[in-house]
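First the proteins, then the strands, lettered A, B, ... as listed; each starts at 1. Just the heavy atoms: all of them, side chains too, but no hydrogens, waters or symmetry mates, feed the values below.
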Amino acid sequence: MSSYTAATQQDIEEMLAAIGVSSIDDLFAEIPEGVRFDRALDLPAGKPEQEVFAELNALAAKNTSADDEISFLGAGMYDHYVPALIDTLLGRAEFLTPYTPYQPEVSQGNLQVMFEYQTAISELTGLPVSNASVYEGPSAVGAAAYLAKLANGRKRHLVSRGVHPHSRETLETLAVGYGTTMEEVPLSAGITDLAALKEMLSDDVGAVILQQPNFLGSVEDLAALAAAAKEHGAVVISSCDPIPLGILEPPGSLGVDVAVGEGQSLGNRLDFGGPSFGFFAATQEHIRRMPGRIAGETRDVDGRRGWVLTLQTREQHIRREKATSNICTAQALNALAGVVYLGWLGKQGFVELGELLARRTAYARETLTAIDGVTALHSQPVVREFAVELDAPVEAVIARCQDQGVNPGYALGRDYPEFSNGLLVAITERRDRAQIDRLAEVLASAIAAERGAVEVAG
Amino acid sequence: MSSYTAATQQDIEEMLAAIGVSSIDDLFAEIPEGVRFDRALDLPAGKPEQEVFAELNALAAKNTSADDEISFLGAGMYDHYVPALIDTLLGRAEFLTPYTPYQPEVSQGNLQVMFEYQTAISELTGLPVSNASVYEGPSAVGAAAYLAKLANGRKRHLVSRGVHPHSRETLETLAVGYGTTMEEVPLSAGITDLAALKEMLSDDVGAVILQQPNFLGSVEDLAALAAAAKEHGAVVISSCDPIPLGILEPPGSLGVDVAVGEGQSLGNRLDFGGPSFGFFAATQEHIRRMPGRIAGETRDVDGRRGWVLTLQTREQHIRREKATSNICTAQALNALAGVVYLGWLGKQGFVELGELLARRTAYARETLTAIDGVTALHSQPVVREFAVELDAPVEAVIARCQDQGVNPGYALGRDYPEFSNGLLVAITERRDRAQIDRLAEVLASAIAAERGAVEVAG
Amino acid sequence: MSDMASAQTAAQHAAGELGQETVQVTSSVPSAGETPQQRDGAKTIYEKSKVGRRAFMVPETDVPDTPLDQLIPSALLRKDPAKLPEVAEPELVRHYTRISKRNFDLDSGFYPLGSCTMKHNPRLHERVAALPGNSRLHPLQSDSHAQGALELMYNLQHALGEIAGLPHVSLQPSAGSHGELAGVLLTKAYHEDRGDQRTKVLTPDTAHGTNPATVTMCGYDVVKVGTNPDGGVDLEDLRAKADDQVACLMLTNPNTLGLFDPNIEEIAKIVHDVGATLYYDGANLNAVMGKSRPGDMGFDIVHFNLHKSFTQPHGGGGPGAGPIAVSERIEPFITRPQVVKAESSNGDGPRFELDYDRPKSIGRLRGFQGNYGVFVRSYAYIRSLGAEGLKEASELAVLNANYLLARLKEAGVAEYLPVAFDRICMHEFVLSGAPMKKELGIRTLDLAKRLLDHGYHPPTVYFPLLVEEALLVEPTETETKETLDAFADAVADILREAK
Amino acid sequence: MSDMASAQTAAQHAAGELGQETVQVTSSVPSAGETPQQRDGAKTIYEKSKVGRRAFMVPETDVPDTPLDQLIPSALLRKDPAKLPEVAEPELVRHYTRISKRNFDLDSGFYPLGSCTMKHNPRLHERVAALPGNSRLHPLQSDSHAQGALELMYNLQHALGEIAGLPHVSLQPSAGSHGELAGVLLTKAYHEDRGDQRTKVLTPDTAHGTNPATVTMCGYDVVKVGTNPDGGVDLEDLRAKADDQVACLMLTNPNTLGLFDPNIEEIAKIVHDVGATLYYDGANLNAVMGKSRPGDMGFDIVHFNLHKSFTQPHGGGGPGAGPIAVSERIEPFITRPQVVKAESSNGDGPRFELDYDRPKSIGRLRGFQGNYGVFVRSYAYIRSLGAEGLKEASELAVLNANYLLARLKEAGVAEYLPVAFDRICMHEFVLSGAPMKKELGIRTLDLAKRLLDHGYHPPTVYFPLLVEEALLVEPTETETKETLDAFADAVADILREAK
Ligand SMILES: Cc1ncc(COP(=O)(O)O)c(C=O)c1O
Ligand SMILES: Cc1ncc(COP(=O)(O)O)c(C=O)c1O
């Protein structure tokens with residue numbers, strides 16, 4: 001048992017004497033008897049570090065990680081290589097342990113990181129204002145919808161069926177609070193149905209919410225969708241995968257007002273889904289409606305450059321209930337990983353990575369759709385992920401592939417009943433041609449076996 | 001390909017212009033043509049970080065580490081739990097990247113660490129002077145023999161057969177340089193044969209070299225051995241396992257003049273044998289013969305406490321060829337791990353750990369020697385390691401156990417032909433009773449199987 | 001915690017001009033290896049860029065090198081590359097290492113930031129979180145291939161439920177405020193399920209700013225409840241405001257004054273009598289682990305800040321996690337998916353699953369399963385301490401706070417910095433700098449800056465709003481008596497020097 | 001590298017009184033989170049102890065709790081426990097974190113310490129070294145269960161042999177000096193095997209102190225060879241001293257003046273003609289990787305400092321590794337065990353083994369297989385850079401040095417700090433502070449201290465001994481032109497301020 005405390009018996013006695021009480025229990029005397037907790041918590045006894053390590057090591061060993069199989073899982077989080085320098089920097093106590101930078105004099109490091117991060121996000125998205133991070137992707141989409149609500153007060157929000165199912169579900173949950181309603185814009189041939197969108201649009205639509213690339217991996221024609229939305233004065237929100245922004249036109253150049261997204265693929269680990277970070281960027285007109293914190297540049301009394309949190313009176317101080325969001329603790333450390341990762345990739349590398357992924361994705365799509373029993377689910381342009389349909393039960397095929405050490409991807413049927421045997425396959429720079437070829441081999445034989453099994457069963 | 005360099009083509013051109021040459025090759029013009037290397041090195045092309053990681057990860061995966069089996073291997077390095085805080089502290093650039101502290105103003109951290117480390121080693125060994133670390137165990141033994149040579153100039157050195165075979169071999173190698181000869185003192189009933197030692201001793205013996213506990217795990221009667229050596233004015237050197245010094249009388253209290261040892265078990269990883277550190281402590285009279293560096297306390301011009309390297313003019317400066325050793329780069333980072341580990345164990349913990357190991361070792365010895373086909377190799381007191389003899393070919397038995405996920409220990413026959421089926425079994429706090437019981441089970445059936453196999457073959 | 005008042009609006013580079021104001025950075029901490037002149041620059045990584053430099057090397061194109069515009073219509077392709085930095089790895093490492101040294105960190109000094117629970121962050125937690133089985137586990141890995149992770153989450157749910165005294169736990173929310181959001185949405189779902197449309201949520205005037213902000217985001221009106229002279233909820237005011245339009249009362253106990261509200265049972269009764277829920281802001285849980293449970297006090301919904309009581313390092317502003325625990329009546333509405341335990345039929349032992357089939361659930365508040373990496377750390381903490389250790393942690397946190405308070409009541413300090421409510425405090429306490437300001441002309445903010453010069457992170461300032469020139473001090477249980485003594489001496493010294 | 005002259009003798013606490021002298025610590029670097037007053041204390045961890053505090057919790061005694069004196073005779077048991085610190089984990093972490101901030105480190109600033117090759121330490125190397133398959137591998141694991149480690153060592157042997165131009169490599173020595181020891185013992189074994197008893201080893205007067213120290217430890221007499229006006233070996237002096245009693249000439253090329261000796265072929269001939277071996281001190285290999293190979297120059301034995309050219313972080317004074325490469329004639333004597341590759345008969349591919357069966361071997365110089373963790377890092381480096389990258393590293397190291405030298409030759413600097421030998425330098429160069437001392441009254445050490453104030457680690461001072469008030473400057477290839485410019489400007493500024 002450890003509590004990482006230092007008080008010896010002697011310390012305790014001296015401290016009690018100084019306080020003027022005779023026991024620690026006296027300090028808890030204000031707690032009325034009725035709500036005092038008299039028994040021990042029903043938790044196992046504490047144990048030494050080595051044993052806790054052994055227990056958690058054994059638990060971790062029960063998981064099949066991306067080290068244990070060749071994984072083509074994506075669908076929102078991706079197995080990118082995280083350079084070692086990120087571990088080192090994030091492990092520094094100076095970054096790991098401080099609180100949110102409330103004392104600028106002793107937080108210039110974190111504030112500068114925030115500022116540099118914001119700049120990077122602005123560059124990626126082509127939008128002038130970025131905050132210092134929000135929780136993660138889907139909740140960022142939810143926060144963007146709130147911004148739209150604050151901006152125009154309109155209650156109808158349209159969301160493409162190409163938006164990540166988790167984002168759509170989060171929007172639904174939050175809409176109850178916002179007092180908005182969510183309506184889904186259907187897909188057509190793998191992308192958001194522009195005609196249907198136009199049909200649904202009217203001047204009471206407050207926001208149109210899109211995703212780039214969409215959940216099926218298709219690159220959307222954001223410009224056209226945004227233009228349609230703008231005609232009715234709706235705020236255009238797009239969730240973006242940051243990695244393809246090395247080669248795809250940034251949302252800010254295509255009429256998007258608010259670009260948000262999941263930041264995991266920027267230097268963050270998979271971590272079974274978190275912690276990562278969400279990014280949030282918008283046009284100038286929305287700056288006072290941004291959730292969370294923004295670091296800004298300033299000069300100190302001696303005229304030296306420094307950094308501070310800006311626009312901070314919004315929350316917690318003066319107009320507490322008028323706050324544009326309730327976020328407080330965000331994801332500073334993960335955003336640090338993000339900006340370091342982008343600095344590591346660099347201006348050229350960011351483009352080269354996007355190009356490599358686009359080419360490997362094209363190769364993988366071609367290779368897989370050449371398999372008997374695999375067809376493309378759509379033929380839209382793809383950049384890092386693509387969808388196919390299998391002529392066999394997808395869950396069973398996945399299980400067979402995993403037995404061979406290959407995780408072929410995500411079963412779309414869980415979220416899209418219309419694609420019951422759909423498979424979403426993600427590519428990163430860690431998945432080389434040999435691994436893609438191996439996937440093809442394993443997938444082909446799994447499908448063949450499954451068809452055989454079905455025939456036999458049938 | 002990466003060289004972690006920053007020079008762009010433009011940089012290079014500007015720099016060449018400033019130097020006043022026209023190409024990089026011009027800078028190498030001083031190299032005579034005959035020794036210029038004209039072809040490319042026959043090495044594979046460089047590759048990106050992720051691919052180097054993948055290659056080294058694959059190599060590492062080919063090894064069976066102490067995570068992959070229940071290991072009772074010891075024989076000089078031990079599978080102790082290294083607390084996580086050591087990783088964190090050693091990973092700090094402030095400790096990881098500086099050179100040896102030549103500029104005291106900007107090395108106060110390292111110098112203080114050295115000072116604290118020396119104090120800890122003095123406490124452990126009961127000897128007043130410690131240096132700031134040497135390479136590792138066996139070479140520390142070799143360095144101690146050189147100290148003896150410098151101290152009394154005598155040429156006969158006696159070394160117990162209970163000293164680690166690697167230390168004995170190192171002594172032999174170095175003796176050629178020192179101009180000394182090594183003679184081996186035999187073992188009797190698992191410990192250094194006192195009578196034989198007395199027989200061999202005479203006034204031309206410069207050093208008697210012992211090990212505590214000895215290689216067979218026996219606790220030696222250092223006091224008696226040291227007394228015999230002292231009668232002839234020999235320097236008494238003992239290599240010590242630091243962990244049992246929590247419960248064993250320190251060598252300094254038993255007449256040992258120079259205590260050295262392998263520091264791996266103090267907070268260092270196994271690392272397939274290195275880097276770790278060697279410690280080196282001696283009596284006051286030998287202070288000016290100590291190899292390596294010593295940090296000392298001082299006051300700066302303002303009277304503030306500070307730390308410096310002391311006795312440093314010995315090497316490299318004034319009397320270069322009179323240096324007491326040639327060591328320069330030592331093992332500062334590993335010694336840091338050592339002192340942090342000892343601080344983590346703490347005064348009480350260090351004793352408790354020794355006690356736990358002694359009890360578990362006793363239990364393991366009892367449990368194993370109860371197996372049919374296993375007998376104690378000796379019945380001397382043991383504290384963390386013990387030797388048994390198998391009634392079956394030891395290498396074959398080990399292989400069978402490893403197939404069952406248990407590494408039963410070290411085959412003594414490699415170094416001690418007289419114990420051809422001897423097995424040396426090491427215990428750490430990570431090897432709990434359940435694992436010891438599992439060892440007994442696996443060992444018993446391996447021996448039984450091996451005997452069966454021998455019978456069949458026979 | 002609350003922002004310091006001096007964090008003034010300034011321009012954000014990328015955001016264009018917002019009006020540049022000079023912020024008072026009156027003291028600054030020099031860092032090793034940097035001269036004042038160098039610090040001056042505070043150059044960004046962008047300003048250190050040079051065309052053509054790079055760290056990353058792209059893997060070889062091992063597939064057909066098709067021109068990009070044959071794969072993707074040119075209209076969709078980026079024209080101007082993002083202006084990311086161009087630096088080699090050594091500069092990148094050096095840049096961030098150097099700027100890291102401009103932060104104050106918990107591993108280097110005392111950080112008594114009230115309401116933030118800056119307790120020691122054990123490094124074991126970083127080690128277990130980094131195990132590939134955790135850090136390299138994809139969130140969409142099938143349940144059967146993620147049994148270790150699900151078991152850990154299940155065990156953590158159980159532990160948190162036991163600590164809260166409420167049986168049903170969702171780990172999903174990403175921080176305290178996210179937990180609040182979940183809690184108020186659950187309240188809404190609960191009332192609506194009963195056909196009950198309510199309009200108001202009560203929060204005390206000592207509440208943290210995230211409480212009213214959350215309420216607004218959930219479409220409720222905020223109604224403030226006053227504080228009585230002892231620092232607790234003003235029962236009269238509460239009774240007056242508690243009507244059948246009230247959906248919920250949000251409370252922290254001990255409250256943001258560091259005081260345990262002895263009327264908690266009465267408060268719960270008033271709230272429940274009007275059919276409202278009682279919400280527990282768990283930011284101050286570090287005072288009462290194993291000593292008193294929110295569920296037993298009558299709370300319906302509790303959030304935890306795993307980055308406070310449960311040692312997730314704060315990271316300079318996150319990540320955290322804000323799990324919630326709820327009572328039976330709230331359970332049907334809890335976020336999904338939930339981790340559940342199924343006894344397998346084939347005798348293989350239990351099997352852990354993600355349960356999505358929760359028809360009344362409010363749904364999701366984020367992607368995937370929450371901040372799992374944070375769960376690993378907090379679970380390691382709970383396994384290290386166990387029942388006894390958690391209780392001891394709270395006891396010593398309260399002891400340390402009361403001891404520091406006692407030291408600060410000593411002559412020379414109390415005249416200028418009296419405690420706002422003179423009672424036994426819990427894990428933190430509030431001093432008022434009003435006399436100091438009046439008599440010495442020193443504001444709380446000045447004291448804070450001077451503490452920096454003494455090597456201490458200042459306490460939280462100007463929060464709670466209720467207390468004039470407030471200084472909220474939370475030492476936590478992991479500090480030594482010597483540190484508390486030295487801090488008290490430093491405060492006394494500063495006041496002496498100001499006289 | 002050479003110790004600074006100001007590191008004066010002082011008392012070692014545990015060693016009792018050695019005579020306490022005041023060392024001039026004229027400037028000191030403040031660290032974040034610490035006030036001058038706090039730094040003052042420089043308390044040790046022992047002084048922070050308090051009886052009863054602890055971090056480590058011992059695992060339960062799950063075996064019989066036999067009294068210790070029933071297991072071990074009481075006479076052998078310790079009476080007084082070692083006075084180790086008594087502190088809880090938070091204090092332990094804080095103590096070492098704080099004192100770490102009193103070091104200057106390479107990740108924070110320029111560190112042009114001549115002869116030490118303070119190049120960037122890629123963090124990938126720490127990651128791969130920490131993989132459990134490496135870091136948790138027991139050194140006595142059987143060959144068949146350590147194939148990955150042995151393969152890595154084999155590949156590293158090959159790579160180093162290729163770089164040195166000598167085919168046989170032993171990785172065993174633990175640092176450069178240990179490599180020297182191996183090398184001179186090999187020389188001895190070589191001569192003795194031929195029945196040749198020799199008595200002397202030659203070292204240039206520019207040699208590093210470890211060379212003569214090594215010679216003495218190997219029972220040879222040191223004979224110094226002079227330096228010619230161009231900074232190379234004085235051939236006349238060498239010829240005069242090279243006789244049949246000479247066992248070896250130890251040389252580094254480029255030498256410690258940073259100059260490549262153009263007479264190297266002649267030197268090799270002179271040495272070989274008297275039957276002696278030629279030893280290459282590899283401390284300066286960073287200048288010539290892929291450009292010129294010691295083996296091709298005629299050296300018989302080479303040591304590498306993996307902590308210099310091959311990026312093992314210096315760790316504040318180790319660990320390092322000092323592998324050696326040797327020629328055919330030396331090979332029979334090389335340390336054992338050696339890693340060898342055997343083609344397996346069953347077609348399973350190659351098998352790597354530790355070969356102990358080397359009858360003429362000088363034996364071991366240490367335990368186990370050497371500093372394997374260092375091998376992993378250096379191998380990762382070699383795999384990252386490849387043939388081209390290594391060559392480029394040397395080219396840019398030499399370019400950086402010559403550029404910095406050119407900058408320092410600019411007006412205002414060269415008058416006071418002239419270069420000792422005005423030639424194209426290799427990866428480092430030596431300035432002489434003699435005019436500065438004479439004309440400005442500033443010693444090299446004063447300049448060094450002032451550079452600290454500017455945020456730079458000073459170059460090596462007072463080495464090589466040959467040059468008066470020497471300043472040995474090695475920028476390495478991983479520094480940017482901007483850094484070199486800023487450093488040159490700082491030197492100029494300091495001199496200006498001194499005028
Ligand atoms: C009392 C109180 N409530 C809520 C919060 C918000 O918690 P989080 O920052 O985790 O969102 C805080 C954070 O400081 C707090 O102190
Ligand atoms: C020229 C030279 N030779 C030898 C050495 C000794 O190397 P090591 O410190 O690795 O023992 C050094 C170290 O600085 C050196 O500079």
Below 4.5 Å from any heavy atom of chain D, which atoms of [X] appear? Answer side chain, backbone, both or neither.
X: B:Ile31; answer: both
X: B:Glu262; answer: neither
X: B:Phe28; answer: side chain
X: B:Phe53; answer: both
X: B:Ala18; answer: both
X: B:Tyr178; answer: both
X: B:Arg92; answer: side chain
X: B:Val21; answer: side chain
X: B:Asn110; answer: both
X: B:Leu356; answer: side chain
X: B:Leu89; answer: side chain
X: B:Glu49; answer: both
X: B:Ile24; answer: side chain
X: B:Val351; answer: side chain

Would you check, one step at a time, whether the test salt bridge (charged side-chain N to carboxylate O under 4.0 Å, His left out) holds for D:Arg136 with B:Asp67?
-> CA-CA 7 Å; D:Arg136 307 251 314 111; B:Asp67 272 1; 2.9 Å; yes
Picking from [options], which has the most non-hydrogen pairs under 4.5 angstrom with chain B?
options: D:Arg53, D:His457, D:Glu479; answer: D:His457
options: D:Thr61, D:Leu71, D:Val87; answer: D:Leu71
options: D:Ser142, D:Ala146, D:Ala159; answer: D:Ala146
options: D:Glu477, D:Lys391, D:Arg407, D:Lys119; answer: D:Glu477
options: D:Val184, D:Ile382, D:Leu152; answer: D:Leu152
options: D:Val215, D:Ile362, D:Val222, D:Asn121; answer: D:Ile362

Is chain B contacted by the side chain of [X], its backbone, both, or neither, given a heavy-atom distance below 4.5 Å?
X: D:Ala189; value: neither
X: D:Met118; value: side chain
X: D:Gln141; value: both
X: D:Arg127; value: side chain
X: D:His138; value: both
X: D:Ile163; value: both
X: D:Leu131; value: side chain
X: D:Asn305; value: neither
X: D:Tyr111; value: side chain
X: D:Leu76; value: both

For B:Ile398 and B:Tyr410, what are the C-alpha separation, side-chain angles and deciding distance, and is it a side-chain contact (heavy atoms from CB on, under 4.5 Å)?
-> CA-CA 8 Å; B:Ile398 290 174; B:Tyr410 183 67; over 6 Å; no
Do D:Glu180 and D:Ser177 have side-chain N/O donor and acceptor atoms under 3.5 Å apart?
-> no
Is it the case that B:Gln112 and B:Gln108 place a side-chain donor and acceptor less than 3.5 Å from each other?
-> no
Step-by-step side-chain contact (heavy atoms from CB on, under 4.5 Å) determination, D:Tyr379 to B:Leu59 = CA-CA 12 Å; D:Tyr379 185 64; B:Leu59 279 175; 4.2 Å; yes
Please report the C-alpha distance between B:Arg305 and B:Glu297 in whole Å, then the side-chain angles of each, then the deciding distance to 0.1 Å, and finally whether the salt bridge (charged side-chain N to carboxylate O under 4.0 Å, His left out) criterion is met.
-> CA-CA 7 Å; B:Arg305 189 193 212 180; B:Glu297 186 176 342; 3.0 Å; yes
Got a salt bridge between D:Glu395 and D:Lys291, using NZ or NE/NH1/NH2 to carboxylate O under 4.0 Å?
-> yes
Ion pair present between D:Arg293 and D:Glu162, side-chain N to carboxylate O less than 4.0 angstrom?
-> yes
Step-by-step side-chain contact (heavy atoms from CB on, under 4.5 Å) determination, B:Asn63 to B:Ser65 = CA-CA 6 Å; B:Asn63 302 323; B:Ser65 83; 5.6 Å; no
How are the rings of D:Phe368 and B:His166 set relative to one another: parallel (under 30°), tilted (30 to 60°) or perpendicular (over 60°)?
-> perpendicular
Any idea which heavy atoms bring D:Leu68 and B:Ala358 closest together, and the distance?
-> CD1-CB, 4.0 Å
